[in-house]
Amino acid sequence: MATLSSLNLVSPRVVANVLDSTKASSVKVPYLTQPWKRVSQLGSRRMKVIRPVRAAPDSISDKVEKSIKEAEEACSGDPASGECVAAWDEVEELSAAASHARDKKKGNDPLENYCKDHPETDECRTYED
Amino acid sequence: MAVCTVYTTQSLNSTCSISTPTKTHLGFHQKQVVFYSTGKRTSKRGSSSSGGPCVITCSAVDSQTVVIGLAADSGCGKSTFMRRLTSVFGGAAEPPRGGNPDSNTLISDMTTVICLDDYHSLDRTGRKEKGVTALDPRANNFDLMYEQVKALKSGVAVDKPIYNHVTGLLDPPELIKPPKILVIEGLHPMFDERVRDLLDFSIYLDISNEVKFAWKIQRDMAERGHSLESIKASIEARKPDFDAFIDPQKQYADAVIEVLPTQLIPGDNEGKVLRVRLIMKEGVKHFSPVYLFDEGSTLSWIPCGRKLTCSYPGIKFHYGPDTYFGNEVSILEMDGQFDRLDELIYVESHLSNISTKFYGEVTQQMLKHADFPGSNNGTGLFQTIVGLKIRDLYEQITTSKTATPLEATKA
């Protein structure tokens with residue numbers, strides 16, 4: 001819980017992450033006494049909660065596009081200036097981030113992600129003969 | 001888990017209290033615990049005495065942290081190399097659970113990978129204002145980098161800052177516990193001399209300009225807003241800083257993986273078939289270079305022929321000693337690509353000193369990650385081999401360090 005408090009006030013994304021995880025911890029408790037409700041209702045609630053709060057790749061793509069325009073503007077003046085070079089460096093950094101986000105998105109199976117954190121739940125139990 | 005050696009008070013002049021260690025073996029981080037026991041004696045290391053106080057000195061196994069440095073420009077395959085390396089040790093490396101989702105750190109059972117971008121002293125806006133790229137040493141805090149790597153190497157956990165690549169801001173720090181193997185990857189692992197001295201092994205990925213251009217086109221053309229011109233402009237703009245600050249690090253590396261366009265296809269500019277050279281420094285402790293057939297000789301080898309049939313353009317190997325920036329090196333070079341499993345196993349069976357634990361381990365590792373880029377050419381092969389050499393280096397270092405405390409107690 002110490003980590004949660006230290007992440008406060010940094011960015012809305014991080015706050016949302018905190019909210020999501022508290023939602024996850026509070027949801028399970030009322031259903032301990034009503035196991036017949038557990039699977040169906042918990043299942044539907046759970047799906048809303050799993051989603052990791054990262055910047056959606058679309059916003060990164062927008063950032064890449066914007067940074068390229070800015071770099072072209074900065075370099076229209078003096079191509080060897082520090083501003084021009086720094087602007088293209090930013091383009092490179094954002095392109096790399098976009099490519100990593102694309103790779104991450106490719107491998108994102110919501111069930112696998114959930115089961116990594118909660119292997120003991122019914123959906124994630126594995127049976128070996 | 002800790003390695004504890006037991007001393008009796010006859011051998012140490014310490015009183016029955018917990019104090020800062022007056023006697024340190026090999027500079028380990030130690031905690032001394034004094035047990036006052038009468039009559040009952042529990043000593044495992046053979047020190048015999050008639051009861052009396054025993055001092056148990058524990059040194060954390062983590063103080064044997066092996067530090068590996070990996071340097072390469074952005075978009076040059078560091079992430080792929082990291083995944084292959086952590087896979088050699090077993091397990092997948094993942095970002096720390098429950099922490100900042102944009103953390104750059106990867107953690108597996110044995111390894112922790114730290115991205116050196118986290119030591120940026122200027123965030124994106126700061127760099128823009130000063131007109132400085134991330135490649136410039138002025139944008140990086142080398143003092144903090146040195147202190148934290150030194151702390152992790154000696155078994156102390158640190159609060160490492162996080163550089164968020166998406167927002168371009170410096171996020172609040174995350175706790176990093178000392179792992180068995182620490183990998184620091186980024187643009188400047190070997191730039192600062194103090195950090196360089198902490199590294200047990202260092203690798204530099206040297207991608208030639210043509211190949212870099214081809215890889216970046218592959219990576220960025222799918223992005224809206226990018227065009228061939230913008231990709232080219234981005235590479236050209238960063239080149240002066242890259243040549244001035246990043247490229248010189250290759251002279252300090254213990255192993256350089258150089259990627260060049262192929263010589264087998266005249267006029268090829270697609271960059272699909274690659275010529276990869278593994279340049280290994282001679283005389284590095286715990287590291288014996290890979291060789292082909294006869295160590296120290298020079299030879300060219302084309303495995304395709306009667307026993308093995310390959311498709312166009314085939315595979316060509318070269319091995320020989322050389323000098324690289326004034327250092328004695330051995331260079332193993334592969335040009336071409338693998339099309340079939342049996343080509344890979346055939347090549348593996350003819351390489352020596354690859355530090356595998358069983359026949360076919362390299363092939364197995366390559367197949368495990370057949371979807372990674374470079375899995376069919378020298379980049380994947382040499383990255384896998386370097387990963388196995390690092391595992392061998394780690395095992396040599398850890399066995400030599402556990403051997404010495406045993407000798408100390410016998411004395």
Side-chain angles (χ1 to χ4, degrees), chain A residues 1-4 6-11 13-14 16-18 21 52-72 74-75 78-104 106-107 116-117, chain B residues 73-76 79-80 94-102 104 117 122 124-136 139 159 162-169 171-175 216 218-220 222-227 229-231 233-242 371:
Chain A
M1 287 301 122
T3 32
L4 286 175
S6 65
L7 285 172
N8 271 339
L9 304 173
V10 174
S11 70
R13 233 178 330 106
V14 178
N17 200 16
V18 169
S21 49
V53 186
R54 287 192 182 94
D58 300 310
S59 75
I60 302 184
S61 294
D62 293 334
K63 280 192 180 161
V64 172
E65 224 184 328
K66 208 177 83 178
S67 67
I68 295 175
K69 288 202 190 92
E70 280 173 17
E72 283 165 354
C75 296
D78 174 18
S81 69
E83 289 81 36
C84 172
V85 171
W88 280 119
D89 188 43
E90 188 183 331
V91 169
E92 167 60 39
E93 196 190 336
L94 284 167
S95 306
S99 141
H100 285 143
R102 257 180 282 135
D103 288 337
K104 250 190 235 175
K106 252 192 271 171
K116 257 189 250 175
D117 291 326
Chain B
D73 193 9
S74 164
C76 286
S79 315
T80 315
E94 284 161 1
R97 298 203 159 277
N100 188 335
D102 290 320
N104 305 308
D117 286 348
L122 300 168
R124 207 176 282 158
T125 23
R127 273 178 274 142
K128 235 193 207 156
E129 279 165 24
K130 291 215 170 153
V132 143
T133 63
L135 305 160
D136 198 312
D159 277 316
I162 299 177
Y163 177 76
N164 191 320
H165 282 104
V166 177
T167 59
L169 302 166
D171 287 346
E174 59 183 349
L175 181 70
K216 290 207 173 164
Q218 243 176 318
R219 187 191 71 176
D220 293 336
E223 278 302 320
R224 256 180 300 136
H226 257 304
S227 60
E229 290 78 29
S230 65
I231 298 174
S234 173
I235 298 179
E236 303 271 314
R238 296 170 85 246
K239 205 160 183 318
D241 271 359
F242 178 78
D371 55 329

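- Here the NE2 atom belonging to B:His165 is positioned 11.0 Å from the CD1 atom belonging to A:Ile60, to the nearest 0.5 angstrom.
- In this structure, the portions of B:Arg127 lying under 4.5 Å from any heavy atom of chain A include both its backbone and its side chain.
- Of the atoms belonging to B:Glu94, it is side-chain heavy atoms, and not backbone ones, that fall under 4.5 Å from chain A.
- A salt bridge links A:Arg102 to B:Glu223: one of the charged nitrogens lies within less than 4.0 Å of a carboxylate oxygen.
- Across A:Val85 and B:Ala237, no two heavy atoms sit closer than the pair CG1-O, 3.6 Å.
- Of the atoms belonging to A:Ala97, it is side-chain heavy atoms, and not backbone ones, that fall under 4.5 Å from chain B.
- Rounding to the nearest 0.5 Å places NE2 of A:His100 at 9.0 Å from CG of B:Asn104.
- Atom-to-atom distance recorded for B:Thr167:OG1 and A:Lys63:NZ is 6.0 Å, nearest 0.5 angstrom.
- Taking CZ of B:Phe242 as the reference point, atom CD of A:Glu92 lies at 11.0 Å (rounded to 0.5 Å).
- When every heavy atom of A:Ser95 is checked against every heavy atom of B:Asp220, the shortest pair comes out as CB-OD1, 3.3 Å.
- Here the closest non-hydrogen pair linking B:Ser234 and A:Trp88 is OG-O, 3.6 Å.
- Interface remark: of the candidates B:Pro240, B:Ala233, B:Ala134, B:Ala233 forms the most heavy-atom pairs closer than 4.5 Å to chain A.
- Summarising the geometry of B:Tyr163 relative to A:Glu93, their closest heavy-atom pair is OH-OE2, 2.6 Å, with the distance given to 0.1 Å.
- Once rounded to the nearest 0.5 Å, the distance linking CG of A:Asp89 with CG of B:Asp136 reads 9.5 Å.
- For the atom pair NZ of B:Lys130 and CD of A:Glu83, the computed distance is 13.5 Å after rounding to the nearest 0.5 Å.
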